[in-house]
Structure formats: structure tokens, C-alpha cells
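Only one structure is covered here, and it is reproduced in the block below.
In listed order, ligands and their atoms are each counted from 1. From a predicted model like this one, the values you see are computed outputs, not experimental measurements.
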Amino acid sequence: MSSTRTPQSTVDIGATNMKRVPSTSLIGRDRHALDVVVDDVTYIVTKAKTKNEKIALLKNVSCAFVHGKVHALMGASGAGKTTLLDVMTTRVTAGEVLGNGVRFGGMPATKALFKTCAAYVEQFDTLLPMLTVQETLNYWAELRARTAEETTEILARVPQIINDLDLTTCKDVIVGDALNRGISGGQAKRTNVALALVTDPDVLFLDEPTSGLDSATSLGIVQMLKNLADSGVTVIATIHSPTSEAFRLFDSLVMLKSGQVAFAGPLNTAVPYLKSLGFAYDDSFNMADFLIATVASEDLDFVQTFKNDAAGQRNVENIKSVMSTKALPPPPQPKVTRGALSKIKTLLKYRTRYNYSNPDFVAARSAGNFLFGFVMMSLFWKIGKPTGEAQDQSTQLNVASLLSMLNILPSFQASGYMPSVVLERAMFYRELDDGVYPLVSYIAYKIIEEGILAIPVSLIAQMMLFLGCGIQGSFFYFWIINYGVMSCGIALAYVCAAAASTMDEANTLLPVYNVVQLLFSGIIIRVESMPKGWAWYRHTLFVRYGWMAQMRNHFKDAPAVFFNDAGEAVDVGDFYGVSNTLTENILAVFGLWLFWIGVAYFTMKYVRHQKR
Ligand SMILES: Nc1ncnc2c1ncn2[C@@H]1O[C@H](COP(=O)(O)OP(=O)(O)OP(=O)(O)O)[C@@H](O)[C@H]1O
Ligand SMILES: [Mg+2]
């Protein structure tokens with residue numbers, strides 16, 4: 001137990017960079033007084049290492065958090081604070097919640113209810129690195145708004161929030177990340193708090209909102225939470241080593257020890273309670289440190305003692321009394337008018353604009369195409385011209401190989417589209433959990449974002465190849481087939497990225513599938529020679545349909561200079577077992593594109609790489 005500050009020392013809040021927030025400044029509407037009750041909750045997970053061994057991360061946790069107050073959730077590291085917040089905010093995905101559950105204003109806590117009345121500032125920041133603070137807030141405001149009127153109303157609140165959280169000086173600075181300098185850690189924390197305030201929640205959960213901040217800034221944040229509570233919000237925050245000044249602003253305290261309640265009650269009763277158990281408090285120590293260190297010690301069975309003590313009985317009474325208060329009807333909900341389409345627009349407006357202004361993003365998606373285009377063009381220069389030796393066997397074989405390579409390349413290159421899905425995952429889960437858009441909006445946004453850039457890139461690269469290699473047939477078909485295969489490749493890349501838990505896994509999955517596609521496309525081993533048991537498989541592969549379409553487009557009237565297994569003279573198409581018309585093959589490519597988008601949708605919906 002140690003203390004660096006004495007209770008006598010004071011932090012002059014006027015001298016800090018945080019403003020005292022007028023208690024009305026964040027009130028956007030009539031509050032819905034929502035008390036939160038945790039009623040005998042146990043949370044069990046299977047241990048990650050020994051799969052069949054179960055452990056309870058929370059055991060019979062009961063506590064109540066009334067509205068209009070700031071509640072502190074404390075305990076040693078690993079005591080279960082974040083776990084309890086995750087359970088209260090319906091964020092847990094890994095284990096089983098037993099007991100009577102959590103209630104908001106008398107209603108069982110569900111994801112839907114959480115979305116409409118609560119917000120959660122998580123322990124780890126998940127922000128978009130390329131947006132400025134102001135844009136981050138506008139982006140979030142637009143995503144969260146359910147109607148056009150709400151968009152205007154929420155956007156109008158943003159400047160006030162920026163001001164209240166003293167983000168004015170950094171509002172035009174980008175968030176940044178480990179590689180690109182942006183706002184400071186404390187500013188990022190405050191931006192996260194600001195995000196939660198955007199929707200003016202009735203219940204606000206915060207996981208360590210002050211960690212990593214200097215004492216003056218922390219005090220400012222807690223002061224702001226206090227003002228929010230004064231306006232009727234239920235504020236529940238986990239907190240580590242707050243200064244005594246900041247700590248005193250809390251109204252009540254729940255202390256956890258190994259996932260169990262070791263104390264719950266008004267803050268000013270905590271020290272007297274421990275004193276009554278024989279733990280003397282020397283007020284030269286930081287009060288929060290004293291409480292945490294004492295409860296973490298093994299000097300007493302704090303959980304059982306609290307249960308049997310009058311303080312524990314008061315906690316039980318308090319929960320009963322909160323539960324017996326008449327539950328309010330759920331907050332009135334606006335008729336949602338902003339659907340999936342409007343959310344796609346918001347995603348494109350903020351994210352695509354910034355991705356496109358990033359040279360790395362654009363280069364990664366175009367340089368490869370041009371480079372390959374150049375190499376292939378010089379290697380196969382004018383090979384496809386329809387006269388003289390272009391008609392002989394050897395040249396036709398070379399052209400068939402060229403068309404096959406051109407066709408498989410976009411599918412291999414689609415690996416470049418996987419990192420965005422894997423790296424954005426934490427952000428994506430948070431946005432999905434907060435219900436700011438339906439999954440279909442996210443997928444459509446990704447496809448549009450990539451598709452828009454893919455059009456000019458493939459047009460230029462294909463034009464180089466069409467002219468340079470002397471490809472015959474229609475340029476439009478030559479291009480649209482390539483674009484179709486590229487789109488299939490991107491959708492397939494999303495499936496791999498969504499199914500894989502890491503980039504390494506994704507990087508293994510995609511090439512494996514693509515090599516199989518190449519093997520079955522009909523160029524490496526001719527259809528006639530494929531074992532019967534395997535021959536059907538080619539019908540499922542977009543790379544094969546793309547190649548057959550390219551063959552149909554280029555070789556219209558090729559002479560029959562090949563011989564099939566029966567010794568009959570056939571043209572190159574028949575030799576390779578090319579089937580279907582040009583149009584049928586193109587339709588098959590786009591049909592498979594829709595299929596893979598569907599698979600990507602279900603993979604993102606049902607495969608969750610988050611265990612909490
Ligand atoms: N899936 C899991 N399997 C096993 N143990 C887990 C699992 N998830 C969490 N834990 C453990 O549960 C305990 C509670 O974790 P939690 O993150 O809630 O702690 P905390 O009180 O928030 O700590 P901190 O103050 O360090 O953030 C920790 O001991 C952690 O190691
Ligand atoms: Mg934690």
C-alpha cells in the first residue's frame with residue numbers, strides 16, 4: 001500500500017486544462033432514470049488452454065447502481081472489473097452467464113436495450129487512425145443517428161462535447177497510431193469518452209477512463225462524470241489509483257475480489273467498514289490505494305465477511321429496494337428512418353475519402369496490376385494477332401496460357417484486400433456491438449470502396465494488355481471478365497479474412513484455394529484427362545469460368561489444329577474442354593461473385609474472433 005499524494009494536497013481544477021462543465025451542458029433531452037441492477041450473476045468460461053476446465057470469472061455478484069450517481073468499480077488487477085462491465089453491457093461472447101441477470105430500469109439487459117439507452121467506453125481505445133478528432137466525432141454521430149433529425153441534433157451537440165472534454169486544441173489533429181503520430185494518449189482517452197457522450201446515453205459505462213492521464217486531467221474527467229450524473233445519468237466506471245480529490249467525487253463503490261463482491265455501498269462508508277474490521281486507515285495515504293490494497297490482502301476472507309456483515313445486509317436491502325421501484329417504460333424510440341443505405345453513405349463519406357487520400361492504400365491496390373501488366377505485355381508482345389503463326393498450335397497454347405495467367409492473377413492479388421478486414425476487426429466488432437450499422441452496410445461499403453478503385457485500375461491495366469498482347473475479340477468483354485474475376489477474388493479474400501483469426505491464417509487460406517482453382521481451371525490438366533471423380537469440381541470455380549469466357553472472346557474462329565484423345569482434329573477451345581457460351585461464362589462469374597459475397601456475409605455474421 002503506498003501513496004504519493006496526501007489528502008490534504010489539492011489540485012486546482014481551474015488551473016487544469018479541463019473545464020468545469022456546467023451540469024446542464026450535456027443534457028440533450030429528458031432523462032430516463034435507469035437504475036442498473038446486477039442480480040446474483042455468475043459468469044463461467046472454459047479455460048483457453050485446458051478446453052474442458054471451467055472457471056467462474058464472476059461468482060454470485062449482486063450490486064445496484066442507481067441513476068444520478070457516479071459509481072466506482074474497483075479491485076486489484078484481474079479482479080474481474082472489465083468482465084463485470086462486459087457482462088452488464090451484454091458484450092460477453094465466450095462464456096455462460098448464470099443467475100438472475102442484469103436489469104436496466106427493471107428491464108432485462110439485452111443488446112437491443114443497451115443500444116438504445118447506454119454507452120460503453122472500453123479499456124482499450126479503438127479509433128480510426130486517419131480521422132481527426134472532430135471527424136471521429138462527426139463520423140460516430142452520423143453512424144449512431146437513427147433519423148435525419150437525430151443526425152442534425154447529434155451533430156449540433158459535437159462542438160459542445162469537444163469543448164466540455166477540452167479537445168478544442170486537438171480537434172483537427174489526426175488520431176494516429178503506433179506508426180503515425182497523432183493525438184496524445186490522454187486526448188485519445190478523452191476522445192473515447194466523447195464518443196460515448198455523442199448519443200447522450202442514460203447509462204454510461206467506462207472502463208478505466210482515467211488510466212494513463214495526469215492527475216489534473218483525470219480529475220477533470222471525473223468532474224465531468226459527476227456533472228453527467230447530476231443530470232440524471234447512471235455512471236459506472238472502473239478506476240485504478242484515482243487521486244483522493246477525484247475519488248471523493250464518486251458516490252458509491254463496488255469492490256471486487258477474484259470475481260466476487262468484497263464491498264458494495266456508499267463511498268463514504270467504505271473506510272469506516274474496513275476500520276470496523278480492524279484495518280486502520282492512515283489518512284496520509286491515498287484512500288483508493290488503501291481500499292484496494294487492503295481488500296486484495298489475504299488477511300481476511302473479505303467476501304464472506306462482507307456477506308455476513310451489516311454492510312452486506314444493507315447492500316442486499318439496497319438491491320431489493322431498487323428492484324421494487326416501479327420500472328419505467330422503455331425510453332421512447334424514434335421511428336428509424338436511416339436504413340442500411342444511409343449508413344453505407346456515412347461509411348463511404350468518412351472512411352473511403354480518407355483511404356483514398358492515403359497513397360499507400362491506393363498504391364497497394366494499383367501498383368501490382370500495372371507491374372504485372374507491363375511484364376506480361378513485354379513477354380507476350382503482340383502474340384495474339386490473328387494472322388500467320390498466331391494460328392499455329394504453339395502460339396495458341398501460349399495465348400491460352402496468357403489468358404489463364406491474366407485470369408488467375410486478380411484472385412491472387414486479392415490477398416491485398418485481406419489486411420483491412422483483419423486489422424479493422426476490433427473496430428468492426430465495436431461498431432457492430434453498438435448497433436450503428438447492419439452488417440450488410442459494412443460489407444456493401446467494403447465492396448463499393450474496393451470496387452470503385454478497381455474499375456480504373458483494371459481498365460488501364462487491361463487496356464495495356466489488350467493492345468500490347470494483340471488480344472482479339474471485344475475489349476469490353478476482355479475487361480468485364482477481368483473485373484468480374486477480380487470482384488470474386490475480393491469477395492473470396494473477405495471470406496478468408498473473416499474466417500481466419502490472424503493475418504497468417506488468412507494468408508494461407510487464400511492461396512491454397514487459388515492454387516486449387518488454377519489446378520482445376522483446365523489449363524494445367526485438361527478436362528479430358530481429369531479423373532472422373534474430380535472433374536465436377538471445376539464447375540464451382542470462378543477462375544475457370546473467367547478463363548473460358550476469355551477463351552471464347554479471343555478464339556472466335558480458331559482453326560482446328562489440335563487433336564483430342566480420340567485423334568479427331570479440334571480447335572483450341574475443344575482441346576481444353578472449354579464449354580458454355582461467352583455470355584453464360586460471364587454470367588457464371590458474376591453469379592459466383594454474389595455467392596461469395598453471401599458467404600462473406602455469413603462468415604462475418606457467425607464467425608466471431610473475440611473471446612470475452
Ligand atoms: N477466457 C478466459 N479464460 C481464463 N481466464 C480469463 C479469461 N478471460 C479473463 N480471464 C481472467 O479473468 C480475470 C478478470 O479479468 P478482467 O479483465 O475482468 O480483470 P480486471 O479487473 O479488469 O483487471 P485490470 O484492472 O487489470 O483491467 C483475470 O484474472 C483474467 O486473467
Ligand atoms: Mg480491466
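A donor atom on one side chain and an acceptor atom on the other are found under 3.5 Å apart for Tyr350 and Glu142.
Just one residue in the list Asn138, Thr136, Leu137 forms a side chain to side chain contact (heavy atoms under 4.5 Å, CB included) with Gln134, and that residue is Asn138. Considering Phe290, Phe302, Tyr273 as possible partners of Phe279, the one that fulfils the ring-ring contact (aromatic ring centres under 6.0 Å, His included) test is Phe302.
Taking distance alone, with nitrogen or oxygen atoms compared against 3.5 Å, Gly78 approaches ligand 1 more closely than that limit. Distances between N or O atoms of Thr46 and those of ligand 1 include no value under 3.5 Å.
Counting only distance, with no hydrogens or angles, the side chain of Arg314 and the backbone of Gly265 share no donor-acceptor pair below 3.5 Å.
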Take Arg351 and Glu424 through the test salt bridge (charged side-chain N to carboxylate O under 4.0 Å, His left out) and record every step on the way to the result. CA-CA 12 Å; Arg351 294 170 70 159; Glu424 277 171 14; 3.0 Å; yes
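A cation-pi geometry, defined here as NZ or CZ lying under 6.0 Å from the six-membered ring centre and within 45° of its normal, holds between Arg608 and Tyr429.
The option from Leu57, Ile239, Val92 that lies nearest to atom 9 (C) of ligand 1, judged by heavy atoms, is Leu57.
Less than 4.0 angstrom separates some heavy atom of His240 from each of these atoms of ligand 1: 25 (O). Taking every non-hydrogen atom of Thr83 and a distance limit under 4.0 Å, the qualifying atoms of ligand 1 come out as 14 (C), 15 (O), 16 (P), 18 (O). For ligand 1, the atoms closer than 4.0 angstrom to any heavy atom of Ile55 are 4 (C), 5 (N).
Ligand 1 has Gly80 within reach: a non-hydrogen atom of the residue lies less than 4.0 Å from it. At a 4.0 Å cut-off, at least one heavy atom of Ala79 sits close enough to ligand 1 to count as contact.
Because the distance cut-off is set at 2.8 Å, Thr82 qualifies as a neighbour of the Mg ion (ligand 2) through one of its N, O or S atoms.
Scanning for salt bridge (charged side-chain N to carboxylate O under 4.0 Å, His left out) contacts around Arg430 gives an empty result, with sequence neighbours left out.
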